[in-house]
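Notes follow once the structure below has been shown.
Being a predicted model, the structure only gives us computed values, none of them experimental. Numbered from 1 within each chain, the chains take letters A, B, ... in sequence-line order.
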Amino acid sequence: MKLTKTLLGALAASTALAGAAAAQTEMKLWYHGAGNDVESGLLNTVIEEFNSAQSDYSVVVESFPQQSYNESVVASALAGNLPCILDVDGPVMPNWAWAGYLQPLPISQEAIEGHLDSTIGRYDDEIYSVGLWDAAVALYARQSTLDELGLRTPTLEEPWSKDELMAALDAAKASGNYDYALDLGTAWTGEWYPYAFSPFMQSFGGDIVDRSTYASADGVINSDEAIEFGEWWQSLFEEGYAPGTSQDPADRDVGFIEGKYAFSWNGNWAAAATLDAGVDDVVFLPAPDFGTGPKIGAGSWQFGVSSACETPEGAAAFVEHALQDKYMAAFSDGIGLIPGTKEAAQMTVKYADGGPLAVFFDLSEKQALVRPVTPGYVVAAKVFEKALADIANGADVADTLDAAADEIEKDIESNQGYGH
Amino acid sequence: MASVTSDNRGLRLATRYAVLVLVGFVFLFPLVFMVVSSLKPDQQLLADTSSIRAFLPVGDISLDNYVKAFERAPIGRFMMNSVFVTVVTVGASILLCSLAAFSFVFLEWKGRNILLTVIVATLIIPFETIAVPLLLFVSKLPWIGLDGLEIGWLNTYRVQIIPWMVDALTIFLFVQFFKDLPRELIEAARVEGASWLLIYRKIVMPLSGPVIATAAILKSLTMYNNQYLWPLIVVQDEAHRPVMVGLGYFFQLQIAWGEVMAYLTLISVPVIAFYLVLQRAFISSIASTGVKG
């Protein structure tokens with residue numbers, strides 16, 4: 001009798017569970033992290049806890065390799081095969097919103113209260129995406145190098161000026177201790193160029209496009225300030241301060257650690273590896289101020305809702321669930337990125353006050369400038385990358401930037417102004 | 001005088017072999033680098049790239065990268081997918097393209113020369129130009145399977161196989177080879193009352209070993225090594241992903257080069273094995289069709 005009751009109980013429970021599962025509306029989520037088992041494991045935890053915490057929706061993830069993720073999404077949009085929730089890189093989001101791949105994310109204001117501004121994807125006065133983290137770039141140096149060369153340690157409040165930066169590079173070059181004074185990471189191609197180097201141009205006073213209208217690049221990317229930046233950029237290679245575009249990728253990865261470079265312009269994602277490699281006195285210096293204030297790039301991967309999603313409120317519920325501090329802290333501890341809130345940062349090992357990477361949170365908070373928020377950015381970014389590579393290789397600065405302006409203008413024109 | 005001639009011949013031979021050995025090394029070095037690097041930790045791998053050590057299995061050698069590679073990606077699944085798609089496509093391609101070529105060479109019908117010219121002309125069209133229209137087409141195609149009628153071929157094996165079963169190069173290879181077969185054999189069989197299908201099966205194909213090998217190797221290289229863009233846009237689930245798309249799993253923010261080399265070594269094994277099995281027939285066919293690989 002007891003056995004019968006137990007069996008009946010188990011049957012009733014499993015029927016109820018099956019019923020609840022059947023009642024849940026399935027929402028597919030596409031993610032860029034295939035191959036990163038730590039990231040995938042963390043995301044799976046977020047999804048499992050969301051699925052079991054409520055009975056209306058069930059999220060199912062499909063992961064893609066990051067390097068081909070955008071192409072897969074664009075192809076699926078063409079084929080009418082988009083999932084409900086999309087992972088989207090911050091600077092690409094306006095293009096996907098403009099192209100109709102995304103719809104506004106109906107997220108509550110409370111859910112994004114206190115988040116780093118760069119983790120919130122705004123376009124056309126709407127929020128389209130929100131991220132759990134951001135990334136930041138800093139000038140890596142050894143404290144011992146600064147001391148040996150007699151250099152002031154710059155701070156967020158008082159970063160190096162252009163003259164101070166050049167004096168530091170001169171001192172490093174004159175010391176004869178390094179293959180090059182500065183590693184800019186020119187071995188990395190693609191989005192690294194606009195992400196890492198356009199803030200230099202912006203600090204000079206130029207930009208990739210005119211942010212007041214997003215309708216033009218002429219007079220901005222080839223302005224006097226932008227040309228001044230281009231000439232400075234070219235001098236770094238011509239005068240032997242930095243390795244050119246043919247930099248060995250191996251040197252980019254380990255050159256600073258091995259002492260080949262005095263300074264390295266690199267992201268927070270490489271900081272833990274640098275510390276682990278035994279560079280105990282590494283310091284992460286803020287971007288120099290070239291005239292209009294120090295600036296670094298911002299905007300990383302974020303969650304958005306596709307236009308094909310029939311349950312945007314469910315997708316928003318998932319995003320709100322994912323934005324909990326405990327998940328942001330877990331992702332930060334797992335994959336080294338900067339948590340989206342100060343509270344989450346305090347829960348981490350590296351980004352809490354006094355932690356070895358805490359400075360990156362402050363950099364994101366105080367120096368971050370998102371890349372131009374326009375659908376045309378995806379084209380302009382490639383034009384910018386080519387222009388900088390050409391200038392590094394000796395092309396005439398003014399002519400190259402004029403040609404870049406023309407190309408971006410043509411793209412804006414051929415897309416009817418991208419709706420701006 | 002005779003010894004001078006003999007010495008000259010010896011010298012020429014030695015020079016020729018020296019050049020061939022050098023060329024052989026040039027072709028072999030990337031493979032040696034790949035295999036050797038797959039056995040080294042990243043730090044050592046990167047440090048060795050600037051010296052001859054890059055080609056030598058020295059230092060901290062282990063199979064750790066292979067273990068980590070298997071943990072990072074479902075390599076077995078990717079290889080099975082690629083091998084399956086390649087084998088089926090190559091088999092279907094040899095059958096269909098040889099039949100088409102047989103018709104062009106041996107059957108008399110109006111417009112065959114023009115049609116062959118048009119087919120061969122399609123060789124100059126890059127796949128990238130038709131990828132999007134083809135994607136739109138296959139995403140709306142119906143299919144009757146075990147689950148009944150379905151619309152759309154995305155995320156299936158068939159979408160990776162069927163569009164590649166017939167191609168101009170394979171047809172052209174068969175046409176060139178068939179043209180050199182002795183006509184008398186075909187005519188004699190016709191006089192004896194053999195059907196065209198019987199001639200194809202019993203006479204033409206058994207004589208076509210070299211071109212079949214060539215077509216199989218070229219097609220399998222295309223399907224296994226070069227299939228990237230198409231599966232990237234038509235396959236969104238991991239279960240149907242081929243090896244080349246799977247390579248992307250290893251390109252994270254910090255690239256694990258040792259694992260990349262381990263993955264590349266593993267996925268190269270079927271290709272190298274296949275080529276070694278068919279290489280004699282391949283070389284013979286290249287010589288007879290005048291096609292340069």
Side-chain angles (χ1 to χ4, degrees), chain A residues 28 30-40 60-83 135 187-188 190-192 248-255 257-258 260 266-274 276-278 300-301 335-337, chain B residues 37 42-51 54 68-75 78 128 131-141 151-155 159 228-241 244-257 259-260 263:
Chain A
K28 283 190 178 154
W30 284 5
Y31 195 71
H32 74 277
N36 187 328
D37 52 351
V38 176
E39 196 170 347
S40 297
V60 178
V61 66
E62 186 67 61
S63 289
F64 295 73
Q66 179 173 340
Q67 65 170 191
S68 56
Y69 176 75
N70 288 355
E71 288 79 2
S72 295
V73 171
V74 171
S76 296
L78 288 171
N81 191 39
L82 284 176
W188 289 351
E191 188 57 25
W192 173 248
D248 186 341
D251 283 344
R252 171 53 171 169
D253 285 349
V254 294
I257 292 169
E258 291 177 349
K260 291 181 177 176
N266 209 336
N268 64 297
W269 55 85
T274 306
D276 293 345
S300 188
W301 288 90
I335 56 177
L337 294 164
Chain B
S37 298
D42 276 5
Q43 197 100 0
Q44 187 194 329
L45 187 164
L46 295 171
D48 285 355
T49 51
S50 54
S51 71
K68 289 182 195 160
F70 273 104
E71 286 168 1
R72 190 184 290 279
I75 299 175
F78 293 160
E128 287 76 4
V132 171
L134 196 58
L135 164 69
L136 297 176
F137 183 61
V138 298
S139 68
K140 302 284 183 291
L141 276 179
I151 300 296
W153 287 16
L154 303 184
N155 297 317
V159 77
Y228 180 72
L229 177 62
W230 184 242
L232 188 75
I233 62 178
V234 296
V235 174
Q236 283 96 34
D237 67 345
E238 194 174 66
H240 294 91
R241 241 167 236 163
M244 282 302 140
V245 179
L247 183 58
Y249 281 52
F250 295 86
F251 286 86
Q252 305 293 325
L253 281 175
Q254 293 287 319
I255 300 169
W257 288 109
E259 290 178 45
V260 170
Y263 182 75

For a quick test of reading the model, state the closest non-hydrogen atom pair linking Lys140(B) to Ala79(A) and the distance between them. NZ-O, 3.8 Å

Most contacts with chain B, counted as non-hydrogen pairs under 4.5 angstrom, among Ile257(A), Leu78(A), Val74(A): Leu78(A)

Could you tell me which portion of Asp253(A) (side chain, backbone, both or neither) has an atom closer than 4.5 angstrom to a non-hydrogen atom of chain B? side chain

When you measure from the side chain of Glu238(B) to the backbone of Glu62(A), do you find a donor-acceptor pair of N or O atoms at a distance under 3.5 Å? no

Using non-hydrogen atoms only, which part of Asp248(A) is less than 4.5 Å away from chain B: side chain, backbone, both, or neither? side chain

I need the residue from Arg72(B), Gln236(B), Gln252(B) with the largest number of non-hydrogen atom pairs under 4.5 Å to chain A. Gln236(B)

To the nearest 0.5 Å, tell me how far Ile233(B) CD1 sits from Ser68(A) OG. 11.5 Å

Partners meeting salt bridge (charged side-chain N to carboxylate O under 4.0 Å, His left out) with Glu71(A) (sequence neighbours left out): none

Spacing of CG belonging to Asp251(A) relative to OG1 belonging to Thr49(B), to within rounding of 0.5 Å: 7.5 Å

Most heavy-atom pairs under 4.5 Å with chain B, out of Ala250(A), Pro83(A), Gly33(A), belong to Ala250(A)

Using side chain to side chain donor-acceptor pair (under 3.5 Å) as the criterion, list what pairs up with Gln67(A), not counting sequence neighbours. none

Applying a strict 4.5 Å limit to non-hydrogen atoms, the region of Leu136(B) in contact with chain A is side chain

Determine whether a donor-acceptor pair (N or O, by modelled atom type, separation under 3.5 Å) exists between the side chain of Gln66(A) and the backbone of Tyr249(B). no

Which of the residues Asn36(A), Val254(A), Ile335(A) is involved in the greatest number of heavy-atom pairs with chain B at under 4.5 angstrom? Asn36(A)

Among Val235(B), Asp237(B), Val132(B), single out the residue with the greatest number of heavy-atom pairs under 4.5 Å to chain A. Asp237(B)

Relative to chain B, which segment of Ser63(A) carries a heavy atom at a distance below 4.5 Å: side chain, backbone, both, or neither? backbone

Could you tell me the separation between the CG atom of Asn155(B) and the CG atom of Asn81(A), rounded to the nearest 0.5 Å? 6.5 Å

Side chain, backbone, both or neither: which part of Val234(B) has a non-hydrogen atom closer than 4.5 Å to chain A? neither

Hey, what do you get for CD1 (Ile255(B)) to CZ (Arg252(A)), rounding to the nearest 0.5 Å? 11.5 Å

